[in-house]
Amino acid sequence: MTDTDRKNPGDEDVPGTKQTGENICPTCAGSGTIGQKPCPDCGGSGQVTVIVGDA
Ligand SMILES: [Zn+2]
């Protein structure tokens with residue numbers, strides 16, 4: 001298990017999976033923090049992995 005296998009609560013899929021992309025975390029609006037705390041959805045990165053697909 002490597003770091004790239006880890007998935008944050010806000011991620012729709014594991015980073016590196018086909019047809020996924022990085023998106024601004026909607027929970028913290030890309031700031032990585034909620035108030036004084038790290039955003040729980042993106043793990044403080046400010047980005048989440050979302051499934052893009054072909055549509
Ligand atoms: Zn976030």
Side-chain angles (χ1 to χ4, degrees):
M1 174 101 39
T2 66
D3 240 21
T4 54
D5 293 322
R6 287 171 50 197
K7 194 164 166 288
N8 291 314
D11 292 335
E12 292 181 0
D13 214 329
V14 179
T17 307
K18 274 188 179 179
Q19 298 192 335
T20 61
E22 293 287 308
N23 202 1
I24 300 271
C25 176
T27 305
C28 63
S31 69
T33 53
I34 300 287
Q36 302 295 322
K37 297 179 181 177
C39 174
D41 276 1
C42 62
S45 68
Q47 292 190 318
V48 290
T49 302
V50 295
I51 297 170
V52 179
D54 290 323

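Values reported hereafter were calculated over all heavy atoms of this structure, with side chains retained and with hydrogens, waters and symmetry mates removed.
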- By side-chain contact (heavy atoms from CB on, under 4.5 Å) - contacts of Ser45 (at least two apart): Cys42, Gln47
- Task: Check the side chains of Thr49 and Glu22 for a donor-acceptor pair under 3.5 angstrom, ignoring hydrogens and angles.
- Result: yes
- Note on the structure: Interatomic distance, CG@Asn23 vs CG@Asp11, rounded to 0.5 Å, equals 10.5 Å
Result block: side-chain N/O donor-acceptor pairs under 3.5 angstrom for residues 25-36, not counting sequence neighbours:
{"from": "Thr27", "atom 1": "OG1", "to": "Asp41", "atom 2": "OD2", "distance (Å)": "2.5"}
{"from": "Ser31", "atom 1": "OG", "to": "Cys28", "atom 2": "O", "distance (Å)": "2.9"}
{"from": "Ser31", "atom 1": "OG", "to": "Thr33", "atom 2": "N", "distance (Å)": "3.3"}
{"from": "Ser31", "atom 1": "OG", "to": "Thr33", "atom 2": "O", "distance (Å)": "3.0"}

- When rounded to the nearest 0.5 angstrom, what distance separates CD1 in Ile51 from CD in Gln19? 9.0 Å
